[in-house]
Every structure is written in C-alpha cells, then in structure tokens.
K.L.:
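Sending over a structure as structure tokens; questions will come in a sec.
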Amino acid sequence: MIKLKKYTALTLCALTLTTAPLSVLADEYDQKITDQDKKISELQQTEQTAEEQKAALEQQVAAIEQEVADVLKEKTTEEKKLSDLTAKIGLLQDKIQKREEQIRNQARDVQTNHDSASIVDVVINAKSVGDAVKKTIAVSTILSASKDIMEQQTKDKTELEKLEKEAEQRLQSINQKTTELKAKQDQLVQTKLDQQVKINDLQASIATEKDQKKKYEKQKEDAEKKRQAALKALEEQRKKEAAAREKAQAEAEKQAKKAAEEAQKAAEEAQAQAAAAESEKQKQAAEIAQLEAQQQEQQAKQQQEQAQTVTDTNASQVTTNPAETASKPTENSSGWAAPLSIGLSVTSPFGLRQDPTGASGTQHDGIDFAGSAGTPIMASKSGKVVESGFHWSAGNHVVIQHSDGHYSYYMHMVSAPSVSVGSEVSAGQVLGGMGTTGNSTGVHLHFGVSTALWSGFVDPAPLLGI
C-alpha cells in the first residue's frame, strides 16, 4: 500500500509539472492570436475607409477634368469670338484711320482754298445773287459734312474702346478660370496620390500583422504537440509503474510463500528448536521487510528522476523560440521590379513606330504603360536620383542611376516628383503619380532604360519579364 501511494504521488506530480505550463502557454497564444485578429480587422477597416476616400477623390478628379475640358471648350469658343472681335476691331481701326485722313485732307483744303471764304466774304465777292447763294450753299455743305464725319469718328472710337475692353475682360476671365481649375485639379491629384501612399502603408501593416498571427499559430501548434508528447510519455511511465508494482507484489507473495514453506519445514524438522526457529523466522521477516523498504525507496527515486527528466525536457522545448527573419521583396531574375502596382498594360512598345505628335521621331526609346491620372509610379530598382524636374518633352520626370551602370527613366508625371536629385531610393519607392505632362497625347507612364545618361537606350521588356 505504501509503495502504491508513492507511485501515485510521483505520477500526479510529473503530470502537474509537465502539462500545466503547456496549457497556460496555449491559452497565451490563443489570446495573442485574438489580439492579432483585432489588429488586422481594425487595419482592414481603415484600409476600406481609405479606399472609399480614394474613390471619392477619383470622382472629384474626373469631375474637375470634365470641368477643365468644358472650360477649354468654352475658351476655344471665346477665342473664336475674340478672333472675330479682333477682326472687327481691325476693320474699325482701318475705317477710323481713313476717316481721320479724310478729315485732315478736308481741313487742309479749307485752310488752303478758303482762308477768307467765310459766308460774308462769299456773299460780298459774289458776282450775282445766284452766285452768292451757290457759294454759300457749297461752304455750308462742306462744314456740315465735316461735322457728321467728326461725330461718326467719335462714335466709332467709343465703340472701338468698348470692344477692346470687352475683349480684354473676356480673355482675362477665361484665363483666370482655367488657372483656378488647373490648380484645383493638381491639388486633387496630389491628394489622391497621398491617399494611395497611405493605402500602401496600411496594406504593408496588414501583411506584417498577418505574418505575426501565423507565427503565433505555429508556436501554439508546436506547444500542443509537445504537450501531447509529454502526456504520452507520462502515460507510458504510468504503465511501467503499474507493471513494476504488480511485479513487486508478485515477488512479495512469492517470498512470503517461500518463508511459510521454510517455516513449516523447520517446524517439522525439530520440535525442540521451535523457539530458535521462531526467532530465526522473525529475523528473516525483518530482513525481508527492510529489503522491501529499500527496494521501494530505490524505485521511488528512479521514478522521480524519470518524471524530472520529462519535465525538464518539455520546459526546455517550450521556452525555445525560433529566430525571426525579415523577408525581402521578391525580384525577378534580372533584379528589376514593375514600376506600377496595377499591372503592366503596354500601349506602345520599344522600337520603331509612327510619330504620334510629330516632335519625338520614329524611334521610341522606352515602353508606354496605361493607367489613370495619379496612379503611383514606383522605382523599378534601387539607385540614386540624377534628374528630377520638368522638361518640355519628358514633362515632370525622374532619372535614376543604378549600381550596375544602367539608368531608368519615369516620364509625364502629373505633378512635380516626390524625390529630389541626389537622394537614394529603394525598389518600390513611390516617385510620383501618372499624368500627361510634356510631349504627351494622354495619361500614361513612359518607362525607359539606358546604358548612359540620355543615350544607349535598350528595350526594358526583357528586364521586366514581359
């Protein structure tokens, strides 16, 4: 009975020491996984809100683009009216100039031929009454005609001044409205670009939190496997202890039976030696009891050492954490990544083509990719920015020099680039938004690669894997 109690105590002790910490650890991982789910859910809600804000911005940008188109159409109409008005002003100016010439000629004629030709002089110097009347009528007619011409001249000059003022106001109003709309459009596109950068950051955070959740799930799975292994080991140990207990009991029964047989034999051999035999029997029983106690103590010690070994092994396994490693962005075999996250849709490949504008030649030194205004443009490879600004043909653009001797080109951005000359950029870093500045017929990204700055252009398609 004492031996059985010792085995039971050792088994319960080992079970408690091994399984309790593992159960607590599994509960901690469950809480960590729940916390990660909450973080991921909050980030996804924030991402959805950001996407909705981006969609609203895109609608505003589209509305402003339509408004700009309407104003440009209105500007074209007004410029036509202004052209007609300018032609009318030119005719009126010509008419005024000719009339002024006529007035000057008449004035010279009156001054030259009629210095003393007042109406009184005409009457006095007339040869007859009829002659006086004719000359008076002639002078009056000249004076009346000059007066009408002067009045018409004044009226035309007033009209000319009015038309010129009207033309100036029309042009000023149209240019002001166009400037305001353009500024509003640039602001909305920049806001949309900033929103996309925010969404990219949120998506990166979500991916990080999901990776952390997977790590906790893997650690929980490992802890559960270790707990099951410990329970299995304890069960095997329990079976061994039961077998040992049965064996000890059988041995004790065997020894007792043998002792009884020997005692019976001793009693039969000599009645005279009964007292001595009895004493000897007691001595043997004491020795057997002592031997049995020593055996029980030795077995208990072995079981305790075995339980301690299982506990120590499991504890060392549970507290061991795998090293965390940071994953790097995946690149293709050439080391170049796509400059757009929306996928690459080629609208004009590298090589010979028909010149769409008449100003860029028949050799196309890059690849044109389709997209909408403000779509983020990213560095295809890490390097150093050697150009960042505006060019009449490339528009808002960036040129990056790479360590392998290549240069990459990103042209026709919607606004000024977000990186400056001399700065170091990494692959995937946002450089600006897609637009149609410079020598461009529509919103797109012109992406080029060369072996020297602005010369030695090569086809980027094999580098991008397209």
Side-chain angles (χ1 to χ4, degrees), residues 12-58 190-235 307-331 337-338 340-343 374-376 378-379 382 418 424-431 433:
L12 290 175
C13 178
L15 180 63
T16 302
L17 291 174
T18 305
T19 60
L22 291 174
S23 299
V24 172
L25 189 60
D27 292 339
E28 291 179 356
Y29 284 130
D30 285 336
Q31 185 60 45
K32 289 181 178 180
I33 292 171
T34 301
D35 293 342
Q36 286 302 116
D37 286 335
K38 184 177 179 181
K39 288 182 182 179
I40 292 170
S41 178
E42 291 174 351
L43 286 171
Q44 287 175 338
Q45 290 177 358
T46 305
E47 179 190 17
Q48 181 178 357
T49 302
E51 289 286 1
E52 291 172 355
Q53 292 175 354
K54 178 188 173 186
L57 285 171
E58 288 176 345
Q190 184 62 42
T191 303
K192 175 185 172 184
L193 181 60
D194 295 340
Q195 191 71 7
Q196 183 61 49
V197 173
K198 180 180 178 181
I199 290 172
N200 289 344
D201 292 340
L202 285 170
Q203 291 173 344
S205 298
I206 291 173
T208 300
E209 297 300 338
K210 286 183 176 179
D211 289 342
Q212 185 67 22
K213 177 185 175 182
K214 290 179 180 178
K215 186 184 76 172
Y216 288 147
E217 290 175 339
K218 182 64 168 58
Q219 289 176 348
K220 177 187 175 183
E221 182 182 354
D222 293 341
E224 181 62 24
K225 288 181 179 179
K226 292 173 183 177
R227 189 176 74 89
Q228 294 297 332
L231 290 174
K232 183 178 180 181
L234 287 173
E235 180 63 20
Q308 183 65 37
T309 301
V310 173
T311 302
D312 292 343
T313 303
N314 289 331
S316 63
Q317 291 173 347
V318 170
T319 56
T320 302
N321 291 325
E324 297 180 9
T325 57
S327 61
K328 296 183 178 179
T330 304
E331 296 180 348
L340 299 172
S341 62
I342 60 173
T375 298
M378 300 173 291
S382 61
S418 58
E424 297 288 339
V425 296
S426 58
Q429 183 173 340
V430 175
L431 308 175

K.L.:
Not counting sequence neighbours, which residues clear side chain to side chain contact (heavy atoms under 4.5 Å, CB included) with Thr191? List them please.
P.N.:
Leu57, Gln187

K.L.:
Taking only residues two or more places apart in sequence, or in another chain, which ones meet Lys218 in a side chain to side chain donor-acceptor pair (under 3.5 Å)?
P.N.:
Asp222

K.L.:
What residues, two or more places apart in sequence or in another chain, satisfy side chain to side chain donor-acceptor pair (under 3.5 Å) together with Glu424?
P.N.:
none

K.L.:
Quick one: side chain to side chain donor-acceptor pair (under 3.5 Å) partners of Asp37, sequence neighbours excluded?
P.N.:
Lys213

K.L.:
To the nearest 0.5 Å, how far apart are OG in Ser205 and CD1 in Ile40?
P.N.:
11.0 Å

K.L.:
Within this structure, what is the NZ-CD1 distance for the pair Lys214 and Ile33, rounded to the nearest 0.5 Å?
P.N.:
13.0 Å

K.L.:
Using atom types as modelled and distance alone, determine if a side-chain donor or acceptor of Gln196 lies under 3.5 Å from a backbone N or O of Thr375.
P.N.:
no

K.L.:
Do the side chain of Ser341 and the main chain of Pro376 share a donor and acceptor less than 3.5 angstrom apart?
P.N.:
no

K.L.:
Yes or no on side-chain contact (heavy atoms from CB on, under 4.5 Å) for Lys210 and Ile206, after CA distance, side-chain angles and deciding distance?
P.N.:
CA-CA 6 Å; Lys210 286 183 176 179; Ile206 291 173; 3.7 Å; yes

K.L.:
Less than 3.5 Å apart, any donor N or O on the side chain of Glu224 or Gln228 sitting next to an acceptor on the other?
P.N.:
yes

K.L.:
Test of understanding: with side chain to side chain contact (heavy atoms under 4.5 Å, CB included), list the residues that count as partners of Gln429, not counting sequence neighbours.
P.N.:
Val419, Val425, Ser426

K.L.:
Can you tell me how far CD of Gln212 sits from CG of Asp35, rounded to the nearest 0.5 angstrom?
P.N.:
11.0 Å

K.L.:
Which heavy atom in Ile199 sits nearest to a heavy atom in Ala50, and how many Å separate them?
P.N.:
CG1-CB, 3.6 Å

K.L.:
State the CD-CG distance between Gln45 and Leu202, to the nearest 0.5 angstrom.
P.N.:
12.0 Å

K.L.:
Has the side chain of Glu47 got a donor or acceptor atom that lies under 3.5 Å from a matching backbone atom of Gln203?
P.N.:
no

K.L.:
As a test of understanding, state which of Gln53, Lys54, Glu51 forms a side chain to side chain donor-acceptor pair (under 3.5 Å) with Gln195.
P.N.:
Gln53

K.L.:
Applying side chain to side chain donor-acceptor pair (under 3.5 Å), name anything that partners Gln190, two or more places apart in sequence or on another chain.
P.N.:
Asp194, Ser415

K.L.:
Go through the side-chain N and O atoms of Gln31 and Asp27 and say whether any donor and acceptor fall under 3.5 Å apart.
P.N.:
no

K.L.:
Do other residues, nucleotides or ligands put more than 12 heavy atoms under 6.0 Å from Lys32 NZ?
P.N.:
yes

